[in-house]
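In what follows, a structure is listed as structure tokens, so that the remarks can point back to it.
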Amino acid sequence: MSCIDWLITLIPAAYVIFMGFYCRRYIVGVSDYLVAGRVARRYMQTTSHALAALGLVAVVMYVEVYYKTGFSLAFFQTILLPITVILGLFGYMSYRFRETRAMSIGQLLEMRYCRSLRIFASFLRIFADILANVIMPAIAARFFIAYLDLPSVVDLFGWRCPTFMIVVFATLALAISLILAGGTLSILVTNTLQSIIVLPLLLVFIIFVLYKFNWAAEVAPVLMDRAAGESFINPYDVSHLRDFNIFTLLVVPVVNAFLHGISGSTGTQNSCKSAHEGKIATIRLVPKASWGSSKAYVFSFEVS
């Protein structure tokens, strides 16, 4: 990488990291740390959630889905679109959750049931997060090593240390430091800033790909050259697809109904000024598929 490449990479990253730690001065109470004082409006929630759906692990997931299925499942994804839209329009779970004035699902469990259930749910969540964080930092480290063209081994005080371990430690340390410094407010602000930077660049990238590659001459022939039952274009010829197939499409709506309300009651979405602002922010037109993520097979469509 040249000097310009390093500057393009490091300057936006440094600015976002600086703003994440700068938010620490606005933390004056528990509510500021857990739910960002619940002052976020729909625009910040929309941009923040859009970037959260485009994390590095999510991008790898999207690439894997389309690498395995092409565009064949997009037809069925469109059919499932009204399910999440209807759940969002009715304020499924989010309105009732905000009426309890709880700032987390754990607090709600203790208020409605008992402290023992809250402790059990916390241990269950910690175990699930440990399993998720075994994979995600490793994927991020592999990406940065390949993208920055880093050596596989570096000399560290006379010890030949794998670059992979250093990058994993650095990414985990940075993420944990930002969360501990500013809590949900830091996550909300950094996601929003990243969204402002990334989304216009994605538009430029899409235009470049459409200009660079000819659909009729290069892309379409490859997509159509498939075995029977594994079509990348025909949605009714996917019976032999593995991993992401018709069975997945049957599981997704059920799981989505359970997780839609939970996702609106946790994380940055819980920092909305009101339940109505949160509903408007999450009813967005752009479909988002979360196949095989840490939330299992979730299918979330959102309108912007």
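Positions are given from 1, in the same order as the sequence printed here. We use all heavy atoms of the structure for the numbers below, so side chains are in, but hydrogens, waters and symmetry mates are not.
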Closest contact, heavy atoms only, Arg41 versus Lys273: NH2-CE, 3.3 Å
In a check of side chain to side chain contact (heavy atoms under 4.5 Å, CB included) between Ser72 and each of Leu241, Ile233, Asp237, which one passes? Leu241
Quick check for you: to the nearest 0.5 Å, what is the distance between Thr9 atom OG1 and Tyr147 atom OH? 3.5 Å
Where do Phe97 and Met103 come nearest, in terms of heavy atoms and distance? CZ-C, 4.5 Å
Report the distance from atom CD1 of Ile27 to atom OG1 of Thr184, rounding to the nearest 0.5 Å. 8.5 Å
Between Asp225 and Phe232, does a side-chain contact (heavy atoms from CB on, under 4.5 Å) hold up when you go through it step by step? CA-CA 9 Å; Asp225 187 18; Phe232 276 11; over 6 Å; no
Could you tell me the separation between the CZ atom of Phe71 and the OH atom of Tyr66, rounded to the nearest 0.5 Å? 7.0 Å
Roughly how far apart are Thr190 OG1 and Leu178 CG, rounded to 0.5 Å? 6.5 Å
Restricting to non-hydrogen atoms, name the atom on Pro221 and the atom on Ala216 that form the minimum distance, rounded to 0.1 Å. CD-O, 3.4 Å
Does Asp32 reach the main-chain N or O of Gly29 with its side chain, forming a donor-acceptor pair under 3.5 Å? yes
Contact list for residues 159-168, test salt bridge (charged side-chain N to carboxylate O under 4.0 Å, His left out), sequence neighbours left out: Asp155-Arg160
Go through the steps to decide whether Gln194 and Val16 satisfy the test side-chain contact (heavy atoms from CB on, under 4.5 Å), and finish with yes or no. CA-CA 7 Å; Gln194 291 177 81; Val16 172; 3.8 Å; yes
Can you establish whether the number of heavy atoms outside Leu10 located under 6.0 Å from its atom CG is more than 12? yes
Please report the closest heavy-atom contact between Thr47 and Met44, naming both atoms and the distance. OG1-O, 3.1 Å
How far apart are the C-alpha atoms of Arg98 and Arg38, what are their side-chain angles, what is the distance that settles it, and do they pass the side-chain contact (heavy atoms from CB on, under 4.5 Å) test? CA-CA 11 Å; Arg98 292 300 293 268; Arg38 279 182 170 160; 3.3 Å; yes
Looking at every heavy atom in both Phe21 and Ala181, which two are closest together, and how far apart are they? CD2-CB, 3.7 Å
Are Tyr22 and Ile176 grouped together when hydrophobic residues (ILVMFWY) are joined by side-chain heavy atoms under 4.5 angstrom apart? yes
Do the side chain of Arg115 and the main chain of Glu110 share a donor and acceptor less than 3.5 angstrom apart? no
Rounded to the nearest 0.5 Å, what separation is found between the CD1 atom of Ile197 and the CG atom of Leu202? 12.0 Å
Looking only at heavy atoms, what is the nearest atom pair of Leu223 and Trp215, with distance? CD1-CH2, 3.8 Å
Under 3.5 Å donor-acceptor, Ser195 side chain and Asn191 backbone: no
Find out if a path of hydrophobic residues (ILVMFWY) with successive side-chain heavy-atom gaps under 4.5 Å connects Val168 to Leu150. yes
Rounded at 0.5 Å granularity, tell me how far CG in Leu199 sits from CD1 in Ile196. 9.0 Å
Met165, Leu172: one ILVMFWY side-chain cluster at the under-4.5 Å cut-off? yes
How about Ser271 and Gln45: does a side-chain donor come under 3.5 Å of a side-chain acceptor? yes
Leu174 with Ile135, same ILVMFWY side-chain cluster at under 4.5 Å: no
Cationic tip of Arg142 within the cone over Phe164's six-membered ring, i.e. under 6.0 Å and within 45° of the normal? yes
Could you please spell out the steps behind the side-chain contact (heavy atoms from CB on, under 4.5 Å) verdict for Phe120 and Leu109? CA-CA 10 Å; Phe120 171 76; Leu109 291 176; over 6 Å; no
Are Tyr26 and Leu193 joined in one hydrophobic group, where the rule is that I, L, V, M, F, W and Y side chains link up if heavy atoms are under 4.5 Å apart? yes
Across all chains, not counting sequence neighbours, the side-chain contact (heavy atoms from CB on, under 4.5 Å) partners of Trp159 are Cys161
